[in-house]
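Below: one structure, written as structure tokens.
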2 protein chains.
Amino acid sequence: MKLKPSLKDVKSCPMQYVLAINDTLNVFNGKWKMPIIGSLLFDKKRFTEIQRNIPNITPRMLSKELKDLEANGVVRRVVYDSIPVSVEYELTESALLLSDVVDKMLEWGLQHRKSTFNSKR
Amino acid sequence: MKLKPSLKDVKSCPMQYVLAINDTLNVFNGKWKMPIIGSLLFDKKRFTEIQRNIPNITPRMLSKELKDLEANGVVRRVVYDSIPVSVEYELTESALLLSDVVDKMLEWGLQHRKSTFNSKR
DNA sequence: TAATTCAGTATACAAAAGTATAGCGATATA
DNA sequence: TATATCGCTATACTTTTGTATACTGAATTA
């Protein structure tokens, strides 16, 4: 992609693109989504396991964010009807592909730190 | 990068990486940063121009967010000591490279929409 | 029988983010 | 002289986001 888009480029940017970028940003929104995704990256976990994994998260927040991530197709909630029922949370296939995005974020962040703050933070 | 990292991979992830990713996320944080960056993408602008460009933003928010973006090395504030002084805001070189990140976000968002919601939103 | 675990929910509250509205000092224009 | 523009700041308020704490019902363990 060009560094500076022309005005024509900008104006022809379809609404679908804006929505898609927004979706991606939503995946990381708030204080807890990143930690939760990180916790599920290695493998699927149960509610209490995730809670133990993430210091200071309250069950209220964990519950809320898991629902949010599920609604956004990032996390899958799997119920095993054993007795007692056990519930597992896992990342979707789509979520695993987020690594491409995170890689680019890492890349930009590193170069930005180097070129802009030059070891000042 | 691999889809599923090993536990060793995860544990060896340096703190610097976490910070770098965080920096990148901060650039897009909140309701107005994306529109502001978008507004400056085509060319530099003055305070009131940006305000006219972004519907419903209040001067308080614009001022706050511009300061924030400046502190984060994304926007540069240039003062011309003409009479009266005019102030222009422009993206830094580093900020222009954000297009790489946004591209990936777009890519993921589009595939995610297609594979997950199949034209349901 | 009593305490513990699981997978959460309910309620109240505090803090952060965003909005609404008015105003300022300096200049410029009618 | 009166009004408008520029680049903001100040104050008060609302909304959203996150925290603290307690609790639930079903099952399990001591």
Side-chain angles (χ1 to χ4, degrees), chain A residues 18 21-40 43-72 74-92, chain B residues 18 22-40 42-72 74-92:
Chain A
V18 178
I21 292 167
N22 227 292
D23 283 358
T24 311
L25 282 173
N26 277 339
V27 167
F28 301 107
N29 234 334
K31 184 175 178 181
W32 298 113
K33 299 231 178 65
M34 201 65 156
I36 291 170
I37 293 171
S39 162
L40 295 176
D43 63 358
K44 60 189 167 182
K45 288 201 177 60
R46 307 175 62 169
F47 190 91
T48 2
E49 285 183 284
I50 306 175
Q51 206 186 176
R52 273 193 295 264
N53 220 252
I54 303 177
N56 300 326
I57 195 168
T58 59
R60 185 190 200 270
M61 272 296 121
L62 182 53
S63 169
K64 192 187 153 287
E65 297 296 68
L66 282 172
K67 273 176 191 163
D68 216 60
L69 289 168
E70 203 193 348
N72 286 323
V74 173
V75 157
R76 195 165 20 236
R77 183 176 182 270
V78 188
V79 183
Y80 298 93
D81 57 348
S82 50
I83 298 175
V85 285
S86 89
V87 182
E88 287 190 341
Y89 293 91
E90 60 188 28
L91 295 182
T92 61
Chain B
V18 179
N22 226 292
D23 283 358
T24 312
L25 282 173
N26 277 339
V27 168
F28 302 108
N29 234 334
K31 185 174 176 181
W32 298 113
K33 299 232 178 63
M34 201 65 158
I36 291 171
I37 293 172
S39 163
L40 295 175
F42 178 59
D43 64 358
K44 59 190 168 180
K45 289 201 176 63
R46 308 174 63 172
F47 190 91
T48 3
E49 286 182 282
I50 306 175
Q51 206 186 179
R52 273 194 293 265
N53 220 252
I54 303 178
N56 300 324
I57 195 168
T58 60
R60 185 190 200 271
M61 273 296 120
L62 182 53
S63 169
K64 192 187 154 285
E65 296 297 69
L66 282 172
K67 274 177 189 159
D68 214 60
L69 289 167
E70 203 193 347
N72 285 324
V74 174
V75 157
R76 194 164 23 234
R77 183 176 183 272
V78 188
V79 182
Y80 299 93
D81 57 347
S82 51
I83 298 177
V85 286
S86 88
V87 182
E88 287 190 339
Y89 294 91
E90 60 188 28
L91 295 182
T92 61

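Per chain, numbering begins at 1; letters A, B, ... match sequence-line order.
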Checklist entry - What does Arg60(B) touch in the nucleic acid at a heavy-atom separation under 4.0 angstrom: a base, only the sugar-phosphate, or nothing? => result base
Next on the checklist: Starting the side chain at C-beta, find the nucleotide from dC6(D), dG18(C), dC8(D) nearest to Phe47(B).
Outcome noted: dC8(D)
Checklist entry - For dT9(D), does OP1 or OP2 lie under 4.0 Å from any side-chain N or O of Lys64(B)? => result no
Next on the checklist: Closer than 4.0 angstrom, basic N to acidic O: yes or no for Glu70(B) and Arg77(B)?
Outcome noted: no
Checklist entry - dA7(C) P sits how many Å from Lys44(A) NZ, rounded? => result 14 Å
Checklist entry - Between Ile54(B) (CD1) and dG18(C) (C1'), how many Å, whole number? => result 15 Å
Next on the checklist: If you define the side chain from C-beta out and look only at heavy atoms, does anything of Met34(B) sit under 4.5 Å from Ile21(A)?
Outcome noted: yes
Next on the checklist: For a quick check of understanding: with a heavy-atom distance under 4.0 Å over all strands, which category does Ile83(A) fall into, base, sugar-phosphate or nothing?
Outcome noted: sugar-phosphate
Checklist outcome for this item: Considering only heavy side-chain atoms of Pro84(B), the closest of dC8(D), dA28(C), dT19(D) is dA28(C)
Item to check | Whole-Å gap separating P (dT27(C)) and CG (Asp81(B)) | outcome: 13 Å
Item to check | Nearest to side-chain heavy atoms of Ser63(A), which nucleotide of dG7(D), dT27(C), dG8(C) | outcome: dG8(C)
Checklist entry - Would you say Tyr80(A) reaches dA7(C)'s phosphate, i.e. side-chain N/O to OP1/OP2 under 4.0 Å? => result no
Next on the checklist: Using OP1 and OP2 only, check whether a side-chain N or O of Lys31(A) sits under 4.0 Å from dA16(C).
Outcome noted: no
Checklist entry - Is Lys67(B) near enough to dG7(D) that one of its side-chain N or O atoms lies under 4.0 angstrom from OP1 or OP2? => result no
Checklist entry - Are Glu88(A) and Lys44(A) ion-paired here, with the side-chain N under 4.0 Å from a carboxylate O? => result yes
Next on the checklist: Rounding to an integer number of Å, can you tell me how far Gln51(B) CD sits from dC8(D) P?
Outcome noted: 11 Å
Next on the checklist: In whole Å, I'd like the distance from the CD1 atom of Ile50(A) to the P atom of dT5(C).
Outcome noted: 18 Å
Checklist entry - Once you round it to whole Å, what is the distance between P of dA7(C) and CG of Leu66(A)? => result 11 Å
Checklist outcome for this item: When rounded to whole Å, the CD1 to P distance for the pair Ile36(B) and dA17(C) reads 15 Å
Next on the checklist: Between Arg52(B) and dT5(D), is there a contact of a side-chain N or O with OP1 or OP2 at under 4.0 Å?
Outcome noted: no
Checklist entry - Starting at the 5' end of DNA chain D and moving along, which residue's nearest nucleotide shows up first, Thr48(B) or Asn56(A)? => result Thr48(B)
Checklist entry - Are the side chain of Asn72(A) and the backbone N or O of Asp68(A) linked by a donor-acceptor pair below 3.5 Å? => result yes
Checklist entry - Given dT19(C), dG18(D), dC8(D), which nucleotide is nearest the side-chain atoms of Trp32(B)? => result dT19(C)
Checklist entry - Looking for any heavy atom pair under 4.0 Å, which part of the strands does Pro59(B) touch: base, sugar-phosphate only, or nothing? => result base
Checklist entry - Taking side chain as C-beta onward, heavy atoms only, is Phe28(A) less than 4.5 Å from Lys33(A)? => result no
Item to check | Test item: Glu49(B) side-chain N/O and Arg46(B) main-chain N/O as donor-acceptor pair under 3.5 Å | outcome: yes
Item to check | Whole-Å distance separating the CD1 atom of Ile57(A) from the C1' atom of dA20(D) | outcome: 14 Å
